[in-house]
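As structure tokens, the structure follows; a few thoughts come after it.
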2 protein chains.
Amino acid sequence: MPEHRSRKDAVRNREAVLTAADTLFSRCESPEEVTMADIAAAAGVGKGTLFRAFGDRVGLLRALYEARLEPLREAVETGPPPLGPATPPRQRVPALLDALLCFKLDNRHLAVALEESGSASPYQVEHYERWHGLLRAALGQIPDLTDSDFTAHALLAAVRADLVEHLAGQQRVPRERLRARLADYTARVLAPGPPGQSTTED
Amino acid sequence: MPEHRSRKDAVRNREAVLTAADTLFSRCESPEEVTMADIAAAAGVGKGTLFRAFGDRVGLLRALYEARLEPLREAVETGPPPLGPATPPRQRVPALLDALLCFKLDNRHLAVALEESGSASPYQVEHYERWHGLLRAALGQIPDLTDSDFTAHALLAAVRADLVEHLAGQQRVPRERLRARLADYTARVLAPGPPGQSTTED
DNA sequence: TTGAAAGCGGACTCAAGGTCCGGATTCTAC
DNA sequence: GTAGAATCCGGACCTTGAGTCCGCTTTCAA
């Protein structure tokens, strides 16, 4: 192979930083009490290393987030039902949202940190586009849904990290209860029957 | 009146700061390119004045936001239908959400600035509780809705400032189209028909 | 008019993200 | 194995913006 992507101390340090950041974020309640200097110190490297490897704070957060999200991404893209692409839309949409909710429950601090990291609204983070496109496509295959684009946005908004954090973290809503609520809500949104005029029940 | 709440230069400066901040926020695209020093300079006062009057950045944002929101608040609390308390819930809920959407469309920068101001998730801002309580109460009067609490959160999430900003600002979705989408979506959520066990359909 | 309480404002502090460069480490070529 | 160059390390340093402080000014009541 003609390209040596990076030196081995580089990859080692990169891993160390990711691990340290992961630990720190999961330990602290608020993501902003974890500074870049803290992370560097915990990883046993200098700040320069940290910034060279990830660019800036958001880059580090994103890398962490993507790494954590990888299994789910794979399950969605090439896995079996109910998450995989072969699932019928009416089952897949709730499954996707439930998976996303569980992910944010399991990675609360990290997700909050990324979604509210400075100026980057979640809608500018690349993976939001993926989820939105996915959901939109699935919704588009369900008849009677007038606008799958907005619906996808609205459904994703229901599992935003800070809302999840507020409900699960602040108000101590149990995990299963939250999942049930979301499932109910999703089912209602997907329920057959055109909106606007509450027509004949079917 | 025995209490002179504040000196007249104090109130004059307070107004000047609010006006200046309003102007600056509506002029700039991103809320963080407006610094406290900028606001102070534009208002023709010192930074000390600004911080004494509002405590900190979030306090200033909140004061601005509340001031802007005041007419809507009054319309909701003591006004005529479709916003006022006399409105039947099935009409009031969409009306409230539409009003909120319009407000955020009209005050995009300010709303974004407040909702993502540092660590304060929108769920810790006091007025979120008001809206949520309002919506929740209205939803509670609609039969067949299993959990008005979560539903209220989810519906409010659909009009979050950064989503509105993303759709209206970034993707140039026209105002009326957005309102129509939200109305459709709301109608779907409120549509009669039991959720949950309808997944046996396909 | 006058004294003092309230307010003013800009210089200052502090914290955190981000940069830089001399020195150490790794990899390749021989 | 070794030389030498490219890469990387790391912490001192810079910048920026929120928030503080205190001597001076304005307001207000007596």
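The chains referred to below are lettered A, B, ... by the order of the sequence lines, with proteins before strands, and numbering in each begins at 1. Every value quoted in this text rests on a predicted model; they were computed, and no experiment measured them.
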Correct closest heavy-atom pair for B:Leu134 and B:Arg92 would be CD1-NH2, 4.3 Å
Does the distance from a Lys or Arg side-chain N to an Asp or Glu carboxylate O, for A:Asp106 and A:Arg175, drop under 4.0 Å?
yes
Checking D:dG10, D:dT20, D:dC28 against the side chain of A:Thr49 (C-beta onward), the nearest is D:dG10
Take atom CD of A:Glu32 and atom P of C:dA16, then tell me their distance rounded to the nearest Å.
10 Å
Looking at D:dC28, I'd like to know if its phosphate oxygens (OP1 or OP2) sit under 4.0 Å from a side-chain N or O belonging to B:Arg7.
no
Between B:Phe54 (CZ) and C:dG7 (C1'), how many Å, whole number?
14 Å
Out of C:dG18, D:dC8, D:dA18, which nucleotide sits closest to the side chain of A:Asp56?
C:dG18
When all nucleic acid strands are considered with a 4.0 Å heavy-atom cut-off, which category describes A:Thr35: base, sugar-phosphate, or nothing?
sugar-phosphate
Residue B:Lys47, side-chain heavy atoms: nucleotide from C:dA11, D:dT27, C:dG17 that is nearest
C:dA11
Could one point to a donor on the side chain of B:Arg57 or the base of D:dA18 with an acceptor on the other under 3.5 Å away?
no
Answer yes or no: is there an ion pair linking A:Arg14 with A:Asp9, defined by an N-O contact shorter than 4.0 Å?
no
Does B:Arg68 pair with B:Asp22 as a salt bridge, N-O distance under 4.0 Å?
yes
Could you please name the option among D:dC8, C:dC8, D:dC28 that lies closest to any side-chain atom of B:Arg52?
C:dC8
Give the rounded distance in Å between these two atoms: CG of B:Leu61 and C1' of D:dA18.
13 Å
Any luck finding a side-chain donor-acceptor pair between A:Thr146 and B:Asp184 under 3.5 Å?
yes
Nearest to the side chain of A:Phe51 - D:dG19, C:dT26, C:dG18?
C:dG18
Whole angstrom is fine here: how far is it from CD1 in B:Ile39 over to P in D:dG19?
11 Å
At less than 3.5 Å, do the side-chain atoms of B:Arg14 and the base atoms of C:dG7 form a donor-acceptor pair?
no
Is any side-chain nitrogen or oxygen of A:Asn13 closer than 4.0 Å to OP1 or OP2 of D:dC8?
no
